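Report on the following structure.
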Amino acid sequence: MKKVIVTGGAGFIGSALIRHLVGNRLAEVVNLDKLTYAGNLESLQSVEKSPLYHFEQADICDPVAVKRLFDEFQPDTIMHLAAESHVDRSIDDPLCFVKTNVLGTANLLQCALEYWRPLPDERKAAFRFQHISTDEVYGSLGAAGFFKETTPYDPKSPYSASKASSDHLVRAWGHTFNLPVLLSNCSNNYGPFHFPEKLIPLVILNALDGKQLPIYGKGENVRDWLYVEDHAKALWLINEKGVPGETYNIGGHNERTNLEVVKTICAILDDLRPKAQGNYADQIVFVTDRPGHDLRYAIDSDKLQKELGWKPEENFDTGICKTVQWYLDNAWWWKPIREKKYAGQRLGGKA
Ligand SMILES: NC(=O)c1ccc[n+]([C@@H]2O[C@H](COP(=O)([O-])OP(=O)(O)OC[C@H]3O[C@@H](n4cnc5c(N)ncnc54)[C@H](O)[C@@H]3O)[C@@H](O)[C@H]2O)c1
């Protein structure tokens, strides 16, 4: 069984990946996570007692802690998800994004390289440094077209620029030192255990609280939504079958405007938890747009589908119903976050 370091495993996608790997007994995992505001070990309750799961609280920027973990755990692969991930927060505090996403990734690469170099040939050939990135590195699309693996980088926000930088570093360590690297760039994820600063959980929880449902600008920005468990499965497939040095785009061909997303959530809630009076859509308000808001993202994931045989199991209509139902059933998870960590206030409003 493979031994895997997952960085950022207490976050939204990292926890879905660990639940997939440990829950299905696919790998033994160490979760390396600093536990920032976005990290939450409660998301791993279902697997935390498994002998296949271990937790190490550490900062990916800390060379001593990371090196020690490599030496002690002797991983076959590292799947790197730890990052500052919220575009709005990158407008308020861009340097924090540069530190974790750029310098943290450089530190991990260097620690991985030093660990990998003296490995016996067979283990060396099998080792993978897998970097998890975003489609936002490609910039913004007009009304037509899709991002392909060959689309030139054109990041526009401090978040996407920091992720683009980390992608370049990973390729450089692959090219210069022959470290076997894998990259993937994925579209917007949604699903259970999503921190309620992001659009979908924010709207569900504000709706249930009787609060306003803020829509940036006119709500015309388009995102290509992927259910988080489909992403987790794609990441493991890439780890097992991907060709070192290659990049794979991941997306579900589920484009929706933000306004469509919010109206869909309102309609599902009207059905599942009707209000005493009126509809949830009555709570929609239009607010000042995000500075530099990219208009449209859409992913062409043909390479992943044709070369590795990946296929998403959920489409947006099935995934969003599951997601709304999950938030209705799991107040134990999100209530403490809303009460203690983040109550839904506007972030990143000032340029
Ligand atoms: N959420 C999306 O829609 C999406 C889409 C494509 C790619 N991605 C990428 O996937 C990865 C995971 O995204 P997410 O949405 O799960 O993020 P998240 O914000 O939910 O989780 C990030 C995790 O990283 C940890 N972390 C942050 N800084 C750290 C540090 N210095 N050292 C160790 N741990 C640290 C946090 O504690 C948290 O557990 C990120 O690299 C992100 O760029 C996200």
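For the single chain, residues carry numbers from 1 onward in sequence order. Counting starts at 1 for both ligands and their atoms, in listed order. In this text the structure is predicted, and so the values were computed from the model without any measurement. Note that these values count all heavy atoms, side chains included, but never hydrogens, waters or copies made by symmetry.
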Pairs where residues 249-300 contributes a residue and the test ring pair (Phe, Tyr, Trp, His ring centres under 6.0 Å) is met, not counting sequence neighbours: F146-H253, Y216-H293
Does R19 make a cation-pi contact with Y53 (under 6.0 Å, within 45 degrees of the axis)? no
Would you check if the distance from the ring center of W326 to the ring center of F193 is below 6.0 Å? yes
Going by the angle between their ring planes, with limits at 30° and 60°, are Y190 and Y227 parallel, tilted or perpendicular? perpendicular
Under 4.0 Å from ligand 1, residues with heavy atoms, in chain and number order, are G8, A10, G11, F12, I13, D33, K34, L35, T36, A38, G39, A58, D59, I60, L81, A82, A83, S85, T100, I132, S133, T134, Y159, K163, C186, S187, N188, N189
Nonpolar side-chain network containing L103, other nodes, edges under 4.5 Å: none
Side chain to side chain donor-acceptor pair (under 3.5 Å) pairs touching residues 109-122, sequence neighbours excluded, are Q110-E114, Q110-W173, Y115-R123
